[in-house]
Amino acid sequence: MFRKKTFQRRKSFLLDSNQNLRKKPKKLRNRGLNFLAKTLFLHQILKLFRASFLFSVALFCMAGFVIFSIFSPYFNLKKISIIRDNPNIDIEKIETSLQEFYGENLLFLSHEDIEKQLLNTFLEFRKIDISENWPSEMQIKITISPPLFTLFNIETANFSVISEDGIILSEKPQSQLVVLKIQEYKKTLFPGEKFTKKETLDKIKQAKFALEHQIKLPIKEILFFPTARELHIISEKDTAIWIDLQLEIEPQIRKLELSTNEIGLFSKNIKHIDLRIPKQIFWK
């Protein structure tokens, strides 16, 4: 009995000791975890506060910049610089046409409005590139339509230069350009006005090239009738080729090519050849 009670005491003592030993590490671990959790939570709060503070500062700076930009004259347009590819471009006229944009805030100034204003005022302008030189300057690069023909108006006996887009240029007649003679047109041609469509000039170029290279017909002069929209191309033998500029050029030239031998284009003295009637050819 005595041994049994002693064994039970020892067993209970060992159990109590083990439980105490187990409880202590758990308490220490829990306290450590709680402390760590509080520390991390505090760190998150501080981090969130810091981020919120920085965001507030950035937002305040942005709002201040916007207010300054809107109400301050610092960004108002004060200077417009013109970059041109042709010395005949009148810078003073361009600056005068853009007077309404001076004093506008450069941050909110529309490039499209400036481009539209210039293209509507100066028809010879083909391309406009706009860039900003902060805080108050704008640079405008202007490219005009290239010259295509030297025009000679037979009715008024005046020379002028026409661009590829059909606009009369302020340039002087150039010897390297092909002369296009204008007939039955009594109006005076002034620089900056639109004389004819680009498509019409393209057809004139196409007809001239086809007769020279496809038909092998040497050309003496070219006559353009703007009212009738006809083209008379005169060969070196004074044969006039009549072409309708309202129709496609290729079918008209093709008719002449197929009938060259039949009508004796290179062997007879032909006064004129009429290609204007579809699917037919007349000659005299």
Side-chain angles (χ1 to χ4, degrees), residues 123-124 145-169 171-191 193-284:
L123 301 181
E124 66 270 25
S145 177
L148 180 60
F149 292 117
T150 292
L151 299 182
F152 176 63
N153 192 340
I154 297 177
E155 299 291 338
T156 61
N158 290 327
F159 284 93
S160 55
V161 177
I162 189 170
S163 73
E164 292 181 356
D165 296 325
I167 310 300
I168 303 301
L169 302 177
E171 302 180 11
K172 295 181 179 180
Q174 303 177 22
S175 58
Q176 68 270 22
L177 295 178
V178 175
V179 177
L180 181 62
K181 294 184 178 181
I182 310 300
Q183 281 198 333
E184 300 179 1
Y185 191 82
K186 297 181 180 181
K187 298 180 181 179
T188 303
L189 301 177
F190 296 99
E193 71 171 285
K194 189 174 184 64
F195 174 61
T196 189
K197 296 180 179 179
K198 181 180 184 302
E199 292 77 9
T200 301
L201 295 176
D202 290 340
K203 288 184 177 182
I204 294 175
K205 288 194 301 179
Q206 182 184 358
K208 176 180 179 297
F209 182 86
L211 289 176
E212 287 181 325
H213 297 85
Q214 187 173 334
I215 307 297
K216 307 298 182 181
L217 183 68
I219 294 176
K220 181 179 179 181
E221 60 180 357
I222 306 174
L223 305 178
F224 175 42
F225 298 78
T227 304
R229 294 186 64 181
E230 290 183 11
L231 184 68
H232 292 186
I233 297 181
I234 314 300
S235 71
E236 288 185 349
K237 291 185 177 181
D238 293 327
T239 300
I241 313 296
W242 297 355
I243 297 174
D244 190 346
L245 294 174
Q246 300 179 78
L247 302 176
E248 294 296 326
I249 299 299
E250 185 178 357
Q252 299 181 69
I253 300 298
R254 182 62 177 166
K255 287 189 302 182
L256 179 61
E257 183 179 22
L258 294 174
S259 59
T260 298
N261 295 329
E262 181 180 353
I263 67 177
L265 176 61
F266 297 102
S267 59
K268 298 179 180 179
N269 294 325
I270 301 177
K271 184 176 182 181
H272 69 258
I273 302 173
D274 191 350
L275 305 176
R276 299 172 300 171
I277 311 300
K279 299 181 179 181
Q280 297 186 58
I281 183 171
F282 297 90
W283 71 96
K284 180 180 180 181

Short N-O contact, E212 and K208, less than 4.0 angstrom: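 Yes, E212 and K208 are salt-bridged.
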
Centroid-centroid under 6.0 Å between F224 and Y185 rings: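 No: the rings miss the under 6.0 Å criterion.
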
Within the 6.0 Å centroid threshold, strictly below: H272 and W283: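 Distance test on ring centres: not under 6.0 Å, no.
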
For residues [X] and [Y], report the shortest heavy-atom separation together with the two atoms involved.
| X | Y | result |
| --- | --- | --- |
| I204 | F149 | CG2-CZ, 3.9 Å |
| F159 | T150 | CD2-CG2, 4.0 Å |
| I168 | S160 | CG2-CB, 4.1 Å |
| T260 | L256 | OG1-O, 2.8 Å |
| T239 | I270 | OG1-O, 2.7 Å |
| A207 | I243 | CB-CD1, 3.8 Å |

Step-by-step side-chain contact (heavy atoms from CB on, under 4.5 Å) determination, W242 to I233: CA-CA 7 Å; W242 297 355; I233 297 181; over 6 Å; no

For [Y], is there any backbone N or O sitting under 3.5 Å from a side-chain donor or acceptor partner on [X]?
| X | Y | value |
| --- | --- | --- |
| D244 | P278 | no |
| K255 | Q280 | yes |
| Q252 | E248 | yes |
| K271 | K284 | no |
| S163 | I167 | yes |

Find the distance between [atom1] ([X]) and [atom2] ([Y]) and round it off to the nearest 0.5 Å.
| X | Y | atom1 | atom2 | result |
| --- | --- | --- | --- | --- |
| L265 | S259 | CG | OG | 8.0 Å |
| K205 | L180 | NZ | CG | 12.5 Å |
| I273 | S235 | CD1 | OG | 8.0 Å |
| I241 | I234 | CD1 | CD1 | 8.0 Å |
| L177 | E171 | CG | CD | 8.5 Å |
| L231 | L211 | CG | CG | 8.5 Å |

Salt bridge (charged side-chain N to carboxylate O under 4.0 Å, His left out) partners of residues 220-236, not counting sequence neighbours, each pair once: K181-E221, K220-D238, E230-R276

Summary of salt bridge (charged side-chain N to carboxylate O under 4.0 Å, His left out) pairs that have at least one residue in residues 160-169, sequence neighbours excluded: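 For residues 160-169: R126-E164, R126-D165.
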
Tell me, yes or no, whether the heavy-atom count around [X] atom [atom1], taken from other residues, nucleotides or ligands under 6.0 Å, exceeds 12.
| X | atom1 | answer |
| --- | --- | --- |
| K187 | NZ | no |
| K194 | NZ | yes |
| F209 | CZ | no |

Polar side chain donor-acceptor pair, E155 to Q183, under 3.5 angstrom: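 Result is no, nothing qualifies.
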
CA sep, side-chain torsions, deciding dist, call: L201, T196, side-chain contact (heavy atoms from CB on, under 4.5 Å): CA-CA 8 Å; L201 295 176; T196 189; 3.8 Å; yes

Evaluation steps, side-chain contact (heavy atoms from CB on, under 4.5 Å), between I182 and F195: CA-CA 11 Å; I182 310 300; F195 174 61; 4.0 Å; yes

Test log, rule side-chain contact (heavy atoms from CB on, under 4.5 Å), inputs I253 and E250: CA-CA 5 Å; I253 300 298; E250 185 178 357; 6.0 Å; no

